[in-house]
Undergrad: 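I have a structure here, written as C-alpha cells, and I will follow up with some questions on it.
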Amino acid sequence: MPELPEVETVRRTLEPRILGRQVAVACLRRKDICEPLAGSKRTPEHMLQGSTIVGTMRHGKQLAIYADHGQVVCVHLGMSGVLSWTTSLPKFTAADHAHAWWRFDDGSAMVFADPRRFGGLWLAPDLPTLRREKWGTLGIDGLMVYGHALHREAGQSERNVKAALLDQKVVAGVGNIYADEALFASGIAPTRACLTLSEADWDRLAASIRRVLGDAIEAGGSTLRDYRDANGAKGSHQTRHAVYGRGGEACLTCRGVLTQATLGQRTTVWCKQCQK
DNA sequence: CTTATGACCTGATAGC
DNA sequence: TGCTATCAGGTCATAA
C-alpha cells in the first residue's frame with residue numbers, strides 16, 4: 001500500500017507526537033512480524049522500552065524510529081500496514097491486527113497494525129547496523145534520484161522500465177502508483193526496455209519521479225483503501241492521479257483511451273499516444 | 001549474475 | 001443473503 005510519499009507523511013505526522021517521549025511499555029503481540037538484526041533481540045528493551053525517542057528517519061518506504069540509547073525500530077508497512085498515534089492505548093480485538101504497540105510516559109501510544117502482514121518490524125542496536133543489514137541493498141531515495149543514478153543502476157538492463165522502477169535496488173520508494181505517474185509525466189512508455197532509454201530519457205524520468213513524489217507528499221499521500229497518516233487522517237493525492245486507476249478512461253493530455261495491462265506483475269496504465 | 005513467476009496474507013467488492 | 005472469484009500503495013524465494 002504505502003509508497004514513499006505515504007511513509008514520509010506518516011513520519012512527519014508521527015515525529016512531533018513521539019519526540020522526547022519516554023517509552024514506558026513496549027509490546028510485541030505477534031513475534032513473527034518482527035526480526036532482530038545483528039546485535040538485537042526481540043525483547044521490550046530492544047523495542048525501545050525505557051528509552052526516550054530522539055528521532056525518525058526514512059529511506060524509500062522504510063521508517064526508522066530511534067532512541068537515546070541507540071536502539072532502532074525499523075517499520076515497513078507492506079501493503080496494509082498502519083503506524084498510528086493515539087492519546088491512549090486502545091483495547092484491541094483480533095480484527096485490529098495490532099501486532100505491536102508502545103505506550104509512552106504521558107499515556108499516549110503508538111500502534112503498528114497490518115492485516116495482510118506483508119510489512120513488519122526490524123530491530124537494530126544502532127543506525128549504522130540498520131543501514132548495513134537492512135537498508136544496504138536499497139537504491140538512492142526517490143526524492144534525491146537523478147538520471148545518472150537510474151542510468152547506472154538500470155541502463156544496461158533488458159527488462160522493461162516499469163519493472164526497473166519497482167525494483168527498490170534501482171531507486172527506493174517508488175511503487176505501483178508513482179511508477180505509472182512518473183512514466184506518464186516524462187512521456188516514456190512503461191513497456192520500453194531499459195537499455196533503449198537515452199540519458200535525456202533517464203534525466204526526464206528522474207525529474208518526474210522527484211516531482212511526482214514531492215507533490216504527493218504535499219497532498220499528504222494517496223489514500224485508496226487502508227492508508228492513513230499517524231493521526232488517522234487520509235491523504236488527498238489520489239484525486240490527482242493522471243493515469244493510476246484510470247485504465248479505459250480519457251488521457252488528460254490527448255483525450256485518447258488509456259491502456260491498461262500487466263507489467264512487472266502489476267497493473268499498469270499508460271497512454272500509447274503520449275508515452276513513447 | 002539477471003529476470004520472470006508464484007507465494008505470502010486478509011479484506012473489500014463485484015457478479016451470480 | 002451468501003457463495004465464489006478477483007483485486008489491492010509490496011516484497012521474497014525459487015527456478016530458468
Side-chain angles (χ1 to χ4, degrees), chain A residues 1-11 30 32-35 58-63 74-83 92-99 112-122 133-139 142 152-183 190-195 209 212-213 215-217 219-229 233-248 260-269:
Chain A
M1 96 135 224
E3 304 181 35
L4 185 155
E6 291 74 37
V7 179
E8 176 62 14
T9 302
V10 170
R11 195 194 67 75
R30 237 199 114 113
D32 62 351
I33 61 101
C34 177
E35 181 185 334
R58 182 195 55 73
H59 187 51
K61 304 172 189 175
Q62 314 244 342
L63 176 62
C74 173
V75 182
H76 185 236
L77 298 174
M79 286 284 260
S80 59
V82 173
L83 189 64
F92 299 116
T93 68
D96 295 327
H97 300 280
H99 306 316
F112 172 68
D114 182 17
R116 293 178 74 180
R117 278 177 279 129
F118 288 174
L121 306 179
W122 283 260
E133 309 271 321
K134 180 71 179 139
W135 291 4
T137 54
L138 295 176
R152 186 183 65 237
E153 295 301 322
Q156 307 311 310
S157 172
E158 293 180 31
R159 63 184 166 171
N160 63 58
V161 62
K162 169 69 182 270
L165 289 182
L166 294 178
D167 184 344
Q168 302 299 296
K169 293 192 293 292
V170 173
V171 53
V174 177
N176 203 34
I177 294 177
Y178 302 108
D180 281 9
E181 294 298 316
L183 285 164
T191 48
R192 286 270 297 283
C194 287
L195 44 67
I209 290 170
V212 161
L213 295 176
D215 287 353
I217 291 170
S222 300
T223 296
L224 305 181
R225 259 171 296 276
D226 312 310
Y227 165 71
R228 297 293 185 279
D229 71 18
K234 296 183 182 186
S236 68
H237 189 77
Q238 62 278 7
T239 62
R240 301 201 213 163
H241 296 163
V243 286
Y244 180 83
R246 299 192 63 244
Q260 177 168 318
T262 299
L263 284 179
Q265 308 300 101
R266 314 297 295 280
T267 297
T268 302
V269 182

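Computed from a predicted structure; not experimentally measured. We name chains A, B, ... by the order of the sequence lines, and we start the count at 1 in each one.
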Undergrad: For the pair made of CG in L4(A) and P in dG10(C), what is the distance, rounded to whole Å?
TA: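 It works out to 12 Å between those atoms.
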Undergrad: Base, sugar-phosphate or nothing for K234(A)? Non-hydrogen atoms, less than 4.0 Å.
TA: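 Nothing, no nucleic acid heavy atom in range.
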Undergrad: Within this structure, what is the CD-to-C1' distance between E35(A) and dC12(C), rounded to whole angstrom?
TA: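 Distance, rounded to whole Å: 12 Å.
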Undergrad: Look up atom NZ in K134(A) and atom CD in Q62(A), then write down how far apart they are to the nearest 0.5 Å.
TA: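 One finds 4.5 Å between NZ of K134(A) and CD of Q62(A).
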Undergrad: Could you walk me through whether D180(A) and R266(A) pass salt bridge (Lys or Arg N to Asp or Glu O under 4.0 Å), step by step?
TA: CA-CA 10 Å; D180(A) 281 9; R266(A) 314 297 295 280; over 6 Å; no
Undergrad: Not counting sequence neighbours, which residues clear side-chain hydrogen bond (donor to acceptor under 3.5 Å, both in side chains) with E8(A)? List them please.
TA: R11(A), R12(A), R58(A)
Undergrad: Atom pairs, N/O to N/O, protein against nucleotides 4-8 of chain C, distance under 3.5 Å?
TA:
unit_1 : atom_1 : unit_2  : atom_2 : d
dA8(C) : OP1    : T267(A) : OG1    : 2.9
dA8(C) : OP2    : T267(A) : OG1    : 3.4
dA8(C) : N3     : R116(A) : NH1    : 3.0

Undergrad: Rounded to the nearest 0.5 Å, what separation is found between the CG atom of D226(A) and the OG atom of S80(A)?
TA: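 Rounded to the nearest 0.5 Å, the CG-OG separation comes to 5.5 Å.
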Undergrad: Per the side chain to side chain contact (heavy atoms under 4.5 Å, CB included) rule, which among V269(A), T267(A), T268(A), N176(A) passes with Y244(A)?
TA: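 The option that passes is N176(A).
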Undergrad: Roughly how far, to the nearest 0.5 Å, is CG of L263(A) from CG of L183(A)?
TA: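 Those atoms lie 9.5 Å apart.
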Undergrad: Between dT14(C) and dC9(B), how far is it from one P atom to the other, in whole Å?
TA: 14 Å
Undergrad: Sequence neighbours left out, what passes side-chain hydrogen bond (donor to acceptor under 3.5 Å, both in side chains) with S222(A)? Give chain and number order.
TA: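 Expected list: Y178(A), H241(A).
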Undergrad: Quick check: does any side chain N or O of Q238(A) sit under 3.5 Å from a backbone N or O of G235(A), one acting as donor and the other as acceptor?
TA: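 Looks like yes, one N/O pair under 3.5 Å.
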Undergrad: If you round to the nearest 0.5 Å, how far is CD of E6(A) from CG of L83(A)?
TA: 14.0 Å
Undergrad: Under a criterion of less than 4.0 angstrom to any heavy atom of chain A, what are the 5'-terminal and 3'-terminal contacting nucleotides of DNA chain B?
TA: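 First-to-last contact on DNA chain B, by the 4.0 Å heavy-atom rule, is dT3(B) to dG11(B).
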Undergrad: Which distance, rounded to the nearest 0.5 Å, do you find between the OG1 of T223(A) and the NE2 of H237(A)?
TA: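 So the OG1 of T223(A) and the NE2 of H237(A) are separated by 11.5 Å.
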Undergrad: State plainly whether the residues R159(A) and D167(A) are in salt-bridge range, i.e. N to O under 4.0 Å.
TA: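 Result for this pair is yes, salt bridge flagged.
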Undergrad: Whenever both distances are under 3.5 Å in a Watson-Crick or G-U wobble pair, mark it; put DNA chain C into dot-bracket that way, with [ ] for crossing pairs and | when the partner is on another strand.
TA: .|||||||.|||||||
Undergrad: Enumerate the residues from residues 168-175 of chain A whose closest heavy atom to DNA chain C is under 4.0 Å, giving them by residue number; use none for an empty result.
TA: Q168(A), G175(A)
Undergrad: Would you say the side-chain atoms of H99(A) pair up with the backbone N or O of D114(A), donor to acceptor, closer than 3.5 Å?
TA: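 Flag set: sc H99(A) to bb D114(A) pair under 3.5 Å.
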Undergrad: For A94(A) and Q265(A), find the nucleotide of DNA chain B closest to each by heavy atoms; which residue's nucleotide sits nearer the 5' end?
TA: Q265(A)
Undergrad: Measuring only the P atom in each nucleotide, how far is dG6(B) from dT6(C)? A whole number of Å is fine.
TA: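 It works out to 14 Å between them.
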Undergrad: Rounding to an integer number of Å, can you tell me how far L165(A) CG sits from dT11(C) C1'?
TA: 16 Å
Undergrad: Does the pair N160(A) and T191(A) meet the rule for a side chain to side chain donor-acceptor pair (under 3.5 Å), with working shown?
TA: CA-CA 5 Å; N160(A) 63 58; T191(A) 48; over 6 Å; no
